[in-house]
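Notes follow once the structure below has been shown.
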Amino acid sequence: MFRQLGAALSSELDGYDGNRQQQTPEPESIDPTSTFTAQPEDIDLTEINPLDLFCSSIDTLCGKSIDLIIPHNSGWAERPSWRQNSHLSNDGNGDSREESRQLCRRGIPPSLRCAAWIINVVSAANLTMSKSDCDDYGTLKKVRVLEHGWDLVLKSIFTDPSDLERAEVLDFGVGHDHLINILMKDHGGNIPEKGIQSLTKVLHAARDSLGIEYCLWLPDITCLLLSFMPESYTYATIREMVHEDSSYFLAVSRAQHLAWCKTFADLLKRCFPQTAAVMEQIGALTPLGLDPIMKRFFVPLLKRKHVMRIMDIFTGEGAHAIFRIGTTLCCLSHAHLGESIRERCDNAATFWEGVRRFAHSKHFDFEIFLSQVYMTKKILGFTRPVFPRPEFVSRIISENEVWAENNLTNISIHEEKKPLGLVEGDVPMTLSKDSLERLSLAKWLPPSLQSTKLDLIYSTSHHGRSLEMFYRCCSSSRHTITLMEVLGTDIVIGTYATHTWKVNPDGYGDGGCFLFRLKPNAECFRFKVGAAVASFGGEGGDDENRATR
């Protein structure tokens, strides 16, 4: 089946003669009681410093066991040296870098993913750092340093234990429905409470410490990292990903995401024009149409073990690998779909469901698929990759970023949110009847509440203007929205509270609370650490856009 698909892929290469690489041989059988590969005979084991050993992987997300066996002849060992693991090199040698990438494409042993992933990312983000310094990030030498740094970050974000208890999982723009799938389905089923807490801590640290406000890949990538790393290493890896040039790994703005989506479409049209024409016709090349790859990092499409293999490659090659793997997957999946299925495929959702079924079928061999991804051709006696080089892709992205800035408001990159629903009762609602105003409220609320319904529990026109009655009516509700109309005007302001209203002279609440103006010109004013106390709606310039406890 894959030989036929390879021929179909080659037919889209404008006459290029790409030869399929050989499938990676199966590793030799090993003694199941051994944990690591044997050291070369010329190495004195008594001279090994324990701190030079790689740190082992650990599943922080779901708490599952990880295979600690490193297969013989895999090219991997349990510690870095100039002989072993020379592929994890950062000496500027192009051959060494290519050797490193080829080994990662063959797959990193699960027990070494924690060490290898962080070394790969540090090496890619710090081109001038020496090999030994990069290697240290994956060995026991750095454990205390990374753990201490992580403790400081946590203390600065969650100053009180109750802050973490009330913290919500951040979505970074991925949306409520996708976030629910991440937590309950796409990463091995329901993520345990302990894993959700770890995910919450790392995502809050990414926002509050690293300054990341928008990054669609981040929730899924954080889950994948936590599947083999402790919290401290996951945070350190993400920190290195956004070190100086974040665009090597992540799109951290809406404009950048839009530019990447257009770049994906441009590359598909260049390499596989027939597939691109079909996908463009059914809307699968729009930013929304590319969600399974450009928003969800292949997680809804591929088997989990194959997504992990892509992570092995991504940590070293960055986003360029995602463009390369994604476009090839689209082409092969389109070739696999029968003519009758292609005729019925009239929308993006149907197309991606076909991709998912193909990737989960017996016809899909990941090793042969990767050989197609990295197919080469000969030009004037020189071997060249079929897919454009990273430098060329970077130029396309730069050109598309200008286009994205000019079209950001004209092109939708998110699923449309729905207004909050209403629970009709005996007391009529007056301040929240307008659907556009309830849509604004839905956008501001935490993801877990964006599909809720508003239930009126207190109204001055019905319950009277009594603070005591207000507290009594709100005593059984934790999350509340309070709307207030300024007398004699058309202004409606309000607040969202994360705690039950009560009398407390010392104050209460957390950073999840916010103030807002519902009309005119709906706007949310969120809590900011260190911001000056702002007047709400009065004169004060920029202070009007800040709200503090």
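Heavy-atom basis, side chains included; hydrogens, waters and symmetry copies ignored.
Considering all non-hydrogen atoms of both residues, Leu456 and Pro428 come closest at CD2-O, 3.9 Å. Between Ile493 and Ile491, the closest heavy-atom pair is CG2-CG2, 3.9 Å. Minimum heavy-atom separation, Leu170 to Leu179: O-CD1, 4.2 Å. Scanning both residues, Ile191 and Leu61, for their nearest heavy atoms gives CG2-O, 3.7 Å. Contact record, Cys223 with Ile182: SG-CG2, 3.7 Å, taken as the closest heavy-atom pair. Scanning all heavy atoms of the two residues, the minimum distance from Arg296 to Asp220 falls at NE-OD2, 2.6 Å.
With rounding to the nearest 0.5 angstrom, the NE2 atom of His243 is 12.0 Å from the CG atom of Leu210. Atoms CD1 and CG, from Ile157 and Leu152 in turn, are 11.0 Å apart once rounded to the nearest 0.5 Å. Between the CD1 atom of Ile396 and the OG1 atom of Thr263 there is a distance of 6.5 Å, given to the nearest 0.5 Å. Atom OG of residue Ser333 and atom CZ of residue Arg357 lie 13.0 Å apart, to the nearest 0.5 angstrom. In this structure, Ser475 OG and Lys502 NZ are separated by 12.0 Å, a value rounded to the nearest 0.5 Å. Atom CD1 of Ile212 and atom CG of Leu218 lie 5.5 Å apart (nearest 0.5 Å).
The shortest distance between side-chain heavy atoms of Ile481 and Leu445 falls below 4.5 Å. In this structure, the side chains of Leu225 and Tyr233 stay at 4.5 Å or more apart for every pair of heavy atoms. Within the 4.5 Å cutoff, no side-chain heavy atoms of Ile118 are placed close to those of Glu240. Counting heavy atoms from C-beta on, the side chains of Phe158 and Arg166 never come closer than 4.5 Å. The shortest distance between side-chain heavy atoms of Tyr214 and His257 falls below 4.5 Å. Between Met308 and Leu224, some side-chain heavy-atom pair lies under the 4.5 Å cut-off. Here the side chains of Leu216 and Met294 are not in contact, with every heavy-atom distance at 4.5 Å or above. When side chains are defined from C-beta on, His306 counts as touching Phe364, because their heavy atoms get closer than 4.5 Å.
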(Q) Does Ile322 form a side chain to side chain contact (heavy atoms under 4.5 Å, CB included) with Phe297? I'd like the steps, not just the answer. (A) CA-CA 8 Å; Ile322 305 305; Phe297 200 79; 3.6 Å; yes

Q | Check against side chain to side chain contact (heavy atoms under 4.5 Å, CB included), Phe516 and Leu483 | A | CA-CA 9 Å; Phe516 58 85; Leu483 299 177; 3.5 Å; yes

(Q) Working note: Thr315 + Ile119, criterion side chain to side chain contact (heavy atoms under 4.5 Å, CB included); need CA distance, chi angles, decisive distance, verdict. (A) CA-CA 9 Å; Thr315 54; Ile119 291 175; over 6 Å; no

Q. After noting the C-alpha distance and the side-chain angles of His499 and Asp510, does the key distance pass the side chain to side chain contact (heavy atoms under 4.5 Å, CB included) rule?
A. CA-CA 8 Å; His499 290 66; Asp510 59 32; 3.4 Å; yes

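In the model, Tyr496 has a side-chain atom that pairs as donor or acceptor with a side-chain atom of His479 under 3.5 Å. At a cut-off of 3.5 Å, with distance as the only test, no side-chain donor of Asp171 or His178 sits close to an acceptor on the other residue.
For Thr159, the side-chain hydrogen bond (donor to acceptor under 3.5 Å, both in side chains) partners at least two apart in sequence or on another chain are Asp163. Ser247 pairs by the side-chain hydrogen bond (donor to acceptor under 3.5 Å, both in side chains) definition with Asp245, not counting sequence neighbours.
Listed by first and then second residue, the salt bridge (charged side-chain N to carboxylate O under 4.0 Å, His left out) pairs that reach into residues 450-471 are Glu468-Arg472, sequence neighbours excluded.
Under a 3.5 Å cut-off, the side chain of His334 and the backbone N or O of Cys330 do not form any donor-acceptor pair. Under the 3.5 Å distance criterion, the side-chain polar atoms of Ser57 are matched with a main-chain donor or acceptor of Arg113. With hydrogens and angles ignored, the 3.5 Å screen pairs no side-chain donor or acceptor of Arg517 with any backbone N or O of Cys524. A donor-acceptor contact shorter than 3.5 Å is absent between the side chain of Tyr235 and the backbone of Val153. In this structure, the side chain of Gln256 engages the main chain of Val252 through a donor-acceptor pair within 3.5 Å. No donor-acceptor distance shorter than 3.5 angstrom exists from the side chain of Ser209 to the backbone of Ala206, with no hydrogens or angles considered. Using a distance-only test at 3.5 Å, with no hydrogens or angles considered, a donor-acceptor pair links the side chain of Trp217 to the main chain of Ile293. Not one N or O on the side chain of Ser477 forms a donor-acceptor pair closer than 3.5 Å with the backbone of Thr480. Judged by distance alone, the side chain of Ser56 and the main-chain N or O of Ser111 form no donor-acceptor pair under 3.5 Å.
Classification of Asp59 and Lys64 as a salt-bridged pair fails, no side-chain N sitting under 4.0 Å from a carboxylate O. Between Glu147 and Arg144 there is no salt bridge, since no side-chain N of the basic residue sits under 4.0 Å from a carboxylate O of the acidic one. Salt-bridge annotation for Lys262 and Asp266: present, with a side-chain N of the basic residue lying under 4.0 Å from a carboxylate O of the acidic one.
Annotation for Arg207: atom CZ counts as buried by contact number, over 12 foreign heavy atoms lying within 6.0 Å. Counting heavy atoms of neighbouring residues, nucleotides and ligands inside a 6.0 Å radius, atom CD of Glu405 does not exceed 12 of them. Shown here is His148, whose NE2 atom has no more than 12 heavy atoms of other residues, nucleotides or ligands within 6.0 Å. Within a 6.0 Å radius of CE in Met184, no more than 12 heavy atoms belonging to other residues, nucleotides or ligands are found.
Between Phe470 and Trp501, the ring planes lie perpendicular to each other; the angle is over 60°, past the 30° to 60° tilted range. Note: Phe514 and Trp444 have perpendicular aromatic rings, judged against thresholds of 30 and 60 degrees for the angle between ring planes. In this structure, Phe264 and Phe323 have tilted ring planes: the angle between them lies in the 30° to 60° band.
Taking the six-membered ring for Trp, Phe314 and Phe249 have ring centres closer than 6.0 Å.
The residue from Lys185, His187, Arg304 that alone fulfils the side chain to side chain contact (heavy atoms under 4.5 Å, CB included) condition with Val299 is His187.
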